[in-house]
Each structure stands twice: as structure tokens, then as C-alpha cells.
Q: 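Quick one: the structure is below, questions incoming.
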Amino acid sequence: MRPWIRENETCCYENRLFRVLKRHNRSPLTGRSSDFYVVSTQDWVNVVALTDEGRLVLVRQYRHGSDRVTLEIPGGAVDKGEDALEAAKRELREETGYESDRWVPLGVGEPNPAIQDNRVSTFLALGAKPTAPMAPDENEELSVLTLPWDEVKAKVVSGEIRHVIVLTALYYYETWKTLHT
């Protein structure tokens with residue numbers, strides 16, 4: 001299997017969050033070509049923050065896409081010129097007021113490689129502690145809570161936690177935990 005050959009690319013739409021690209025690609029196998037649409041956006045980060053007491057730091061927030069209040073781990077976009085770990089530290093501090101000096105990379109995934117070109121990096125923040133007031137983005141309204149791992153898993157099973165990228169991060173954490181305990 002080989003990548004398709006990009007014959008041209010144009011931007012169909014752009015805003016502050018993403019661009020929609022129209023790519024005309026040709027198959028190296030059959031020579032057939034077609035238009036494909038890609039949402040081009042920044043990379044993202046997720047943080048599984050664990051306190052010394054063994055509790056995970058979570059946030060509740062309203063999500064406009066699903067039109068509901070969700071329960072998630074902290075996370076967000078990687079800013080221009082920032083690496084993923086810097087972004088993870090910033091997002092944890094801004095969204096929760098927690099910080100950590102022990103960070104473990106858990107994994108990197110592709111949210112939806114069929115139509116998106118970005119990646120999401122997941123980090124574990126060990127010994128997370130509240131150190132400062134929250135400083136969310138102007139349109140973020142967050143509440144912070146901590147829960148033990150068993151309660152987080154129960155909320156996954158019940159469907160209260162159902163953000164797929166968060167579920168992936170929690171899977172990374174469960175795998176790391178299994179290998180390191």
C-alpha cells in the first residue's frame with residue numbers, strides 16, 4: 001500500500017479553529033483520481049492528571065457540538081510555536097489550576113484520519129496539585145472535580161464520560177497503570 005498522489009489542494013473555508021481543504025488525489029495503484037475534503041486544524045493535547053491521593057482531575061463543561069454538559073479530562077489545542085508537553089502543562093493549569101512536575105507521555109493518536117490531519121498527544125501528570133486559580137479561555141465555563149479511578153471507570157460504563165478522545169486517553173492511562181504497578 002502506498003500513499004495517494006496529491007495533484008492539487010485548495011482551501012474551501014477557513015476560520016480561527018480550522019480550514020477545510022479540497023485535495024485532488026490520484027491512486028498510485030489504479031490511477032483513478034478524486035476530490036477529498038480534509039479538516040486541517042491544530043494538534044491537541046489531553047491530560048490525565050493524578051493527585052497524590054490517587055484521584056483524577058476532571059472538568060465539567062458545556063460542549064456546543066453535542067449540546068450537552070460533559071465530564072472530561074483537561075485538554076485543548078497546541079498553540080503555534082508550542083510543543084505538546086508545554087501545551088499540556090498550560091491546559092492543565094488554565095482549566096483546573098493544577099500543576100505537576102512529573103509528566104509521562106502516554107500516547108499519540110489521530111482523532112479521525114479519514115477527514116482530519118491533526119494529532120492528539122496524551123500525557124500523565126503525576127502528583128498534580130492545585131497551585132493557582134483557574135484561567136480558562138473567555139468562552140470556557142468549567143467546574144473542576146476529582147474522582148478515584150474506579151468512579152471514573154464507572155462513569156465511562158454508564159455513558160456519562162463518552163468523549164471518544166477522552167476515552168482513548170483513559171485507555172492509555174489504564175494500559176500505563178497495568179504496566180507500571
Side-chain angles (χ1 to χ4, degrees), residues 12-21 37-51 53-80 82-100 103 106-125 128-174:
C12 302
Y13 174 79
E14 186 171 2
N15 66 33
R16 67 181 183 82
L17 297 176
F18 61 87
R19 296 181 305 146
V20 177
L21 305 175
Y37 293 86
V38 174
V39 177
S40 182
T41 190
Q42 301 154 279
D43 286 346
W44 303 325
V45 292
N46 269 333
V47 180
V48 178
L50 188 65
T51 68
E53 298 77 32
R55 298 173 73 87
L56 272 72
V57 179
L58 301 164
V59 294
R60 283 196 194 280
Q61 62 184 313
Y62 174 75
R63 290 298 197 174
H64 295 273
S66 62
D67 192 26
R68 67 182 200 88
V69 175
T70 63
L71 181 60
E72 304 176 7
I73 58 176
V78 177
D79 290 340
K80 192 172 210 137
E82 189 177 44
D83 71 28
L85 180 56
E86 289 174 301
K89 290 177 179 182
R90 177 183 49 74
E91 287 290 342
L92 178 62
R93 186 178 55 255
E94 288 176 357
E95 292 192 352
T96 69
Y98 280 70
E99 292 184 291
S100 170
W103 289 84
L106 293 180
V108 178
E110 297 172 338
N112 186 350
I115 62 166
Q116 289 176 236
D117 66 358
N118 68 323
R119 301 178 318 155
V120 59
S121 299
T122 301
F123 293 91
L124 173 62
K129 293 176 180 38
T131 60
M134 295 167 48
D137 295 338
E138 67 178 327
N139 290 320
E140 286 181 316
E141 296 172 357
L142 305 165
S143 63
V144 178
L145 67 152
T146 64
L147 293 174
W149 178 235
D150 285 345
E151 285 186 40
V152 172
K153 289 192 299 186
K155 291 185 180 302
V156 168
V157 171
S158 75
E160 185 175 350
I161 298 175
R162 60 186 188 199
H163 186 311
V164 171
I165 297 169
V166 171
L167 296 174
T168 300
L170 295 175
Y171 172 78
Y172 283 145
Y173 170 65
E174 176 73 12

Q: Indicate the ring-plane relationship of Phe18 and Tyr13, choosing parallel, tilted or perpendicular according to the 30° and 60° boundaries.
A: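 Geometry flag for Tyr13 against Phe18: tilted rings.
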Q: Nearest heavy-atom pair of Ala77 and Ala87: which atoms, and what distance?
A: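 Shortest heavy-atom separation between Ala77 and Ala87 comes out as O-CB, 4.2 Å.
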Q: Does the Thr96 side chain pair with the main chain of Tyr98, one donor and one acceptor, at a distance under 3.5 Å?
A: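 Yes.
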Q: Could you give me the CA-CA distance, side-chain angles and deciding distance for Val59 and Glu140, then say whether side chain to side chain contact (heavy atoms under 4.5 Å, CB included) is met?
A: CA-CA 11 Å; Val59 294; Glu140 286 181 316; over 6 Å; no
Q: If you look at every heavy atom in Ala88 and Phe123, which pair is closest and at what distance?
A: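 Minimum heavy-atom contact is CB-CD1, 3.6 Å.
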Q: I'd like to know if Lys89 and Glu82 make a salt bridge, using a cut-off of under 4.0 Å between side-chain N and carboxylate O.
A: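 Not counted as a salt bridge, because no side-chain N and carboxylate O are separated by less than 4.0 Å.
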Q: Verify side chain to side chain contact (heavy atoms under 4.5 Å, CB included) between Val166 and Leu71, making sure each step is shown before the conclusion.
A: CA-CA 9 Å; Val166 171; Leu71 181 60; over 6 Å; no
Q: Check whether more than 12 heavy atoms from other residues, nucleotides or ligands sit under 6.0 Å from atom CZ of Arg90, and answer yes or no.
A: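 Result for CZ/Arg90: enclosed.
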Q: Given 3.5 Å as the limit, does a donor-acceptor pair link the side chain of Glu95 with the main chain of Gly75, or not?
A: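 Pair found, side chain donor or acceptor close to backbone of Gly75.
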Q: Is a side-chain donor or acceptor of Glu86 paired with a backbone partner of Asp83 at a separation under 3.5 angstrom?
A: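 Confirmed, Glu86 side chain pairs with Asp83 backbone.
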Q: Side-chain contact test, heavy atoms from C-beta onward, threshold under 4.5 Å: evaluate it for His163 versus Thr70 and give yes or no.
A: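 Sidechains of Thr70 and His163: no contact.
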Q: Any idea which heavy atoms bring Trp44 and Pro111 closest together, and the distance?
A: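 Result for this residue pair: CZ3-CG, 3.4 Å.
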Q: From the options Leu147, Val48, Thr146, select the one residue that forms a side chain to side chain contact (heavy atoms under 4.5 Å, CB included) with Val152.
A: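 Testing each of Leu147, Val48, Thr146 against Val152, the sole residue satisfying side chain to side chain contact (heavy atoms under 4.5 Å, CB included) is Leu147.
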Q: From the options Val45, Asp79, Val78, select the one residue that forms a side chain to side chain contact (heavy atoms under 4.5 Å, CB included) with Glu91.
A: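 The option that passes is Val45.
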Q: To the closest 0.5 Å, what do you measure between CG (Leu58) and CD1 (Ile161)?
A: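 Answer for the CG-CD1 pair, Leu58 versus Ile161, is 5.5 Å.
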Q: Kindly determine whether Glu160 and Ser158 satisfy side-chain hydrogen bond (donor to acceptor under 3.5 Å, both in side chains), including the steps that lead there.
A: CA-CA 6 Å; Glu160 185 175 350; Ser158 75; 4.7 Å; no
Q: Rounded to the nearest 0.5 Å, how far apart are CZ of Arg119 and CD of Gln116?
A: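 Arg119 atom CZ to Gln116 atom CD measures 14.0 Å (nearest 0.5 Å).
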Q: Would you give the length of the straight line joining atom OG of Ser40 to atom CZ of Arg19, rounded to the nearest 0.5 angstrom?
A: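 One finds 4.5 Å between OG of Ser40 and CZ of Arg19.
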Q: Can you tell if the side chain of Ile115 reaches within under 4.5 Å of the side chain of Tyr37, non-hydrogen atoms only?
A: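 A side-chain contact is absent here, since even the closest heavy-atom pair is not under 4.5 Å.
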Q: Just verifying a value: how many Å separate Glu72 CD and Leu167 CG, rounded to the nearest 0.5 Å?
A: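 Those atoms lie 10.0 Å apart.
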Q: Out of curiosity, Ile73 CD1 to Asn46 CG, how far, rounded to the nearest 0.5 Å?
A: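 One gets 4.0 Å once the value is rounded to the nearest 0.5 Å.
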Q: Can you check whether Tyr173 reaches Leu50 side chain to side chain, under 4.5 Å on heavy atoms?
A: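 The answer is yes, as the side chains (C-beta and beyond) meet within the 4.5 Å cut-off.
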Q: Just how far is it from atom CG of Leu56 to atom CH2 of Trp149, taken to the nearest 0.5 Å?
A: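 Nearest 0.5 Å value for the CG-CH2 distance: 6.5 Å.
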Q: Can any side-chain N or O of Asn118 pair as donor or acceptor with the backbone N or O of Gln42 at less than 3.5 Å?
A: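 Side chain of Asn118 to backbone of Gln42: a pair is present.
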Q: Just by modelled atom types, is the Thr41 backbone N or O under 3.5 Å from a matching donor or acceptor in the Asp117 side chain?
A: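 It does hold such a pair.
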Q: Check whether any side-chain N or O of Asp137 sits under 3.5 Å from a backbone N or O of Asn139 as a donor-acceptor pair, and report yes or no.
A: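 Checking the backbone N and O of Asn139 against the side chain of Asp137, no donor-acceptor pair under 3.5 Å is found.
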